[in-house]
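Values reported hereafter were calculated over all heavy atoms of this structure, with side chains retained and with hydrogens, waters and symmetry mates removed. Predicted model, so just to flag it, every value in this text is computed and none were measured. To find a chain, count down the sequence lines: A is the first, B the second, and so on, and within it residues start at 1.
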Amino acid sequence: MLKLIAYRLLLAVPQLLAILVLSFLLTYLVPGSPAQALLRFGATPERIAEVEAELGLDSPIHERLAGYIGDAVQGDLGESYLSKRPVTDLIVERLPATLSMVIGGVTVSLILGMGMGILAGTRLDRPADRAVMAGTSIAVSVPQFLLGLFLLLLVSIELEWIPVVAYVRFTEDPLLWARGMLLPSLALGFAASGLIARQMRAGMAAAVHSDFGASLAAAGVSRRRFYFRYGIKNAMVPVLAATGLTLAILVGASFAVERVFSIPGVGHTLLHAVTSKDFPVVQGAVVVIAVLVIVLNILIDIGYALINPRIRVQ
Amino acid sequence: MTAMGDTVADPAAQVSEQEVTAARRTGTFGRIFRRPSAAVALAFVVLLVLVAVFAGPLAPFDPDDKNITSALEGPSGEHWLGTDDFGQDVLSRIMAGTRIALAVSLGSVAVAALIGVPYGLLLGYMGGWVDRIGSRVIDMSDALPGLLVALALIAAFGRGLWSVVFAIGIVFCMAIARLTRAVTLAERNKEYVDAARVSGLRPPEILFRQILPNLIAPLTAQASLMLGAAMIIETTLSFLDVGVEGVSWGGLISAGADELRRHPFLLVPPGAAVILSVLAFNFVANGISDVLAGTSLGSLRSKACPSAAQLEPSASHAKPLLADGSFRPDGVLEIRGVTVALPRPGQDPVPLVEHTWLSIERGEVLGLLGETGSGKSMLARAVLGLLPRPTYLSAGSVILDGAEISGLPERELRGVRGREISAVFQNPTTALSPVHTVCRQVSEPLRIHLGLSRSEARDRTVELLELVGVEDAASRIEDYPHQFSGGMAQRVAIAMALAAEPKLLIADEATSALDTTTQAQVLDLLLELRDSMNMAVLIITHDLGVVAETCDRVAVMYAGQIVEVNDVTSLFDTPRHPYTAALLQANPAADQASAGRRPTIAGRVPPPGEWPSGCHFANRCSFAQPACSEQPVLFVDGVRCLRSEELAQAGALR
């Protein structure tokens, strides 16, 4: 198991380097120069050169790239053009809220998705199965933030079950934190639960139709016993693979969901940086979010290995 | 699938390599829209396009026309969808927003295809290190959320239409590249590309003439999914006020969000517009994928020869028939006139196995010999009550120890399977669940049928594994199936089948996937177990050698019928059916003396549904006469041939 974790970490290194390079190159995509974009229209060439020197944009590209990667590896992602605060601080202080939403979203997608998938998978081609499958088609068609708005409207404003409150940190009050995360997690995880449900159902169907499904049936294992002792565990293999892929989707969608529920996540910082052309913050957000997704994916891979012995042994 | 490109992608509509081959069939797109859901969805998409094109003249109001006196009104005759906080007509604004929604989704998917298709073609066609590195780049994109990539590019390029189109296009190009690569790889290895290469077409011509046509259908399905996903990203960007400037659905939702307490209805029209549009794209994609997968018009053959059983028992309408000549009604198992059929919509069912009579005595090893598609495995499934849906037992009955078991309720059949009749199937590496230990699976019959406790079952499992020859059994029971070699895995599967000491073991091609030495060992094991447990064994095989070495008696099956039954020595020495004779002559080991050209049987086994009305073998038989094709040939005295006696006397079948 330790070997597996080490291997996965090793694989993440080139991935991370590539993402650092890509995010570094972002400023070179800007028409004109970042300084020009920052100063908007009417800036004199002298003023642009001045700002470029100020921002360290005048040295050769390879020097800057080496410097950028060297600093990034030590956790230094540069300074915000606007607030002059370290980018790492700006983003990391908002990471807990984003992470809370994403973990909540993954939890919802797994609970709902596996539940629906088991319901459909144990009733293959029957009305309940078709109903669940139709439901998943609708689930994946609703933008997460839109569902968030509808939930906010229904649960908090019309029914007044959960008050609209400011975000409470987990360390302050875990219960209030959980209550505040309920609707955002539901909004975030519902679409992904459609994907999970389909994987779960497909995995159970594959198990039923598999050779071992036939062997166990011939040995006298009832269909019900097969579903719960064999089908679900076999289906967890594709389900976990799909969970890994939904992670990035959930992180992206959280930027819009956090606005609906006024949660102080990375999205707010990122959007502010995007509209104000604060490139170091945009680049830093790309890097930090990529690291977050990679780390969460490694955790999922470990869970994958726990379920799938073929991987564990390698 | 790429996380970047899959904001809402639907795995059911993922396009697999298998579907790609199906795509070559003509008329794919025509069939898609016979499905009502896909047809309605497509009509909706067409409506969207019309609204986007004619939004100007069609809209009842100028979308930017403000009128504060009529702000935040509900739906009325004048404003069908009400007004917003500036008194602007919501319907007109939705229609105006359709333009940005469609322009951005269509544009970005086009950009994704323009980048992704050439990239995927390159990787798939070049192979080697280009592919390895290029594929790693695709995999890396999984760690970047699509929305994040789009935001970063918008930061660099601004909020112009082209900028947003490009930003979202980049998000999806990797998923398109992945699909294109998979299709290209699959096509590249096919013969016709080789043939094209030999015939002197240059690589670019091969790519464009041979591979691209096969890409179109799966790519269209993927693109349709992406249109929906792109629309969600576009709406999200507009909602966050970083999308294309102008009237957009996301902007309308944002306005609705601001008035959530005062006028929540404002959310409904733009929300519905987004959800319905994305749904429409997804349903069109599902329609394409379903047709590619062949689920709507599956061919007869694929249904007739399913690879594995479903656990669901088939409904049986068993009615006893009179026995033919050679039937011995004293066996542990009697198969009486069993007919298995596949229902067809609007037509008569197709028989897969026809009027089969067979009996197995206690301790006997009976071979069921036949080519692939002869119906022998289907017969085994019928005995177990495990016919794959929708096939069913349309006539006949299965008698176990004098009691009929066909048509028993599932609850009672479960007591038969594993306890009275067990089965081992062909592929040992897939015969056991890969994510469960061997102990858990082998103990199932012990726990279910013998009611042993977990620890008793465990002890007995060790004994069983020792019995079938698994070395060091005690330390191996917590191992997983993949840790066993093919031969050992088949021994484990046999241990599971034998655990509750059944009276009959069905070995359905149980040694066909093994190498020769292992095959011999496993066959020996079956014979030993037959002796020690006094168990009957039904060996289903296409291999004459297996029959010769292990069986006491043998039944030969051809096109759903048993054509001859005899004891092994007699059958090999004096075959009485022309098919049996032809099989023996075609067999390499049968007659070493006649080295030189071995005759093969001309033609092919007719598939179910195409069986001749008379003798099923008539059109391939060198002794056939007009009478053979006139009416069904009965099974008389152990053989199903009109000329059997005549030919035997003439020595024609030797």
Seminar exercise, completed: Which of B:Leu240, B:Ile232, B:Thr235 passes side-chain contact (heavy atoms from CB on, under 4.5 Å) with A:Phe145? Answer is B:Thr235

Seminar exercise, completed: Among A:Ile289, A:Leu29, A:Val282, the residue with the most heavy-atom pairs under 4.5 Å to chain B is A:Leu29

For this session: Heavy atoms only: give me the nearest A:Val293-B:Asp142 pair and the separation to one decimal.
Result: CG1-O, 4.3 Å

Exercise. Between A:Arg229, A:Arg201, A:Gln283, A:Glu158, which has the largest tally of heavy atom pairs under 4.5 Å with chain B?
Worked result: A:Arg229

Problem set entry | Contact winner vs chain B - A:Ala285, A:Gly267, A:Gly252, heavy-atom pairs under 4.5 Å | A:Gly252

Seminar exercise, completed: Okay, B:Val242 and chain A: the region with an atom under 4.5 Å from a heavy atom over there is side chain

Exercise. When rounded to the nearest 0.5 angstrom, what distance separates CG in A:Asp211 from CG in B:Leu432?
Worked result: 10.0 Å

Exercise. Among B:Arg261, B:Arg447, B:Arg419, B:Met140, which has the most heavy-atom pairs under 4.5 Å with chain A?
Worked result: B:Met140

Problem set entry | Distance-only side-chain donor-acceptor flag, A:Ser137 / B:Asn282, under 3.5 Å | no

Exercise. Top residue by heavy-atom pair count (under 4.5 Å) with chain A, among B:Leu384, B:Ile154, B:Ile506, B:Leu260?
Worked result: B:Leu260

Problem set entry | Residue among B:Ile253, B:Val274, B:Asp508, B:Val416 with most heavy-atom pairs under 4.5 Å to chain A | B:Ile253

Seminar exercise, completed: Turns out that what part of B:Ala423 lies under 4.5 Å from chain A's heavy atoms comes down to both

For this session: Could you tell me which non-hydrogen atom of A:Gln15 sits nearest to which non-hydrogen atom of B:Asp139, and how far apart they are?
Result: NE2-O, 4.1 Å

Seminar exercise, completed: Contacts of B:Leu276 meeting side chain to side chain contact (heavy atoms under 4.5 Å, CB included) (sequence neighbours excluded), chain-then-number -> B:Phe44

Seminar exercise, completed: Of all heavy-atom pairs linking A:Ala218 and B:Leu386, the shortest is N-CD1, 3.9 Å

Exercise. Please walk me through it: do B:Arg417 and A:Val221 pass side-chain contact (heavy atoms from CB on, under 4.5 Å)?
Worked result: CA-CA 8 Å; B:Arg417 291 185 212 123; A:Val221 176; over 6 Å; no

Exercise. How long is the gap from OG on A:Ser141 to CZ on B:Phe283, to the nearest 0.5 Å?
Worked result: 7.5 Å

Seminar exercise, completed: Nearest heavy-atom approach of A:Pro143 to B:Ile275 is CD-CG1, 4.3 Å

Exercise. What part of B:Phe281 gets closer than 4.5 Å to chain A, counting heavy atoms only: side chain, backbone, both or neither?
Worked result: neither

Exercise. Where does A:Leu247 contact chain B at under 4.5 Å (heavy atoms): side chain, backbone, both or neither?
Worked result: neither

For this session: Could you tell me which of A:Val286, A:Val251, A:Leu270 has the largest number of non-hydrogen atom pairs under 4.5 Å with chain B?
Result: A:Val286

Problem set entry | Shortest non-hydrogen separation from B:Gly271 to A:Leu146 and the atoms involved | CA-CD2, 3.6 Å

For this session: Identify which part of B:Leu237 has an atom lying under 4.5 Å from any heavy atom of chain A, answering side chain, backbone, both or neither.
Result: neither

Exercise. Highest number of heavy-atom pairs under 4.5 Å with chain B: which of A:Tyr28, A:Phe255, A:Phe150?
Worked result: A:Phe255

Exercise. Would A:Arg223 and B:Glu410 pass as an ion pair if we require N to O under 4.0 Å?
Worked result: no

For this session: Say whether, by atom type as modelled, one donor and one acceptor occur between the side chain of A:Ser215 and the main chain of B:Ala431 under 3.5 angstrom.
Result: yes

Problem set entry | chain B contacts, top residue of A:Leu16, A:Leu26, A:Ile294, A:Thr27 (heavy-atom pairs, under 4.5 Å) | A:Leu26

Exercise. Picking from B:Gly158, B:Gly256, B:Pro434, B:Pro270, which has the most non-hydrogen pairs under 4.5 angstrom with chain A?
Worked result: B:Pro434

For this session: Name the member of B:Arg414, B:Arg136, B:Arg159, B:Gln426 that forms the most heavy-atom pairs with chain A at distances under 4.5 Å.
Result: B:Arg414

Exercise. Hey, does the side chain of B:His449 reach the backbone of A:Ala219 with a donor-acceptor pair shorter than 3.5 angstrom?
Worked result: yes

Exercise. Roughly how far apart are A:Thr275 OG1 and B:Asp241 CG, rounded to 0.5 Å?
Worked result: 8.5 Å

Problem set entry | Those residues that, when tested against B:His436, pass side chain to side chain contact (heavy atoms under 4.5 Å, CB included) (two or more places apart) | A:Tyr230, A:Lys233, A:Asn234, B:Ser433, B:Arg440, B:Gln441

For this session: Check each atom of A:Val291 against the heavy atoms of chain B and say whether the ones under 4.5 Å are side chain, backbone, both or neither.
Result: neither

Exercise. In terms of heavy-atom pairs under 4.5 Å with chain A, which of B:Thr236, B:Leu153, B:Val137 leads?
Worked result: B:Thr236

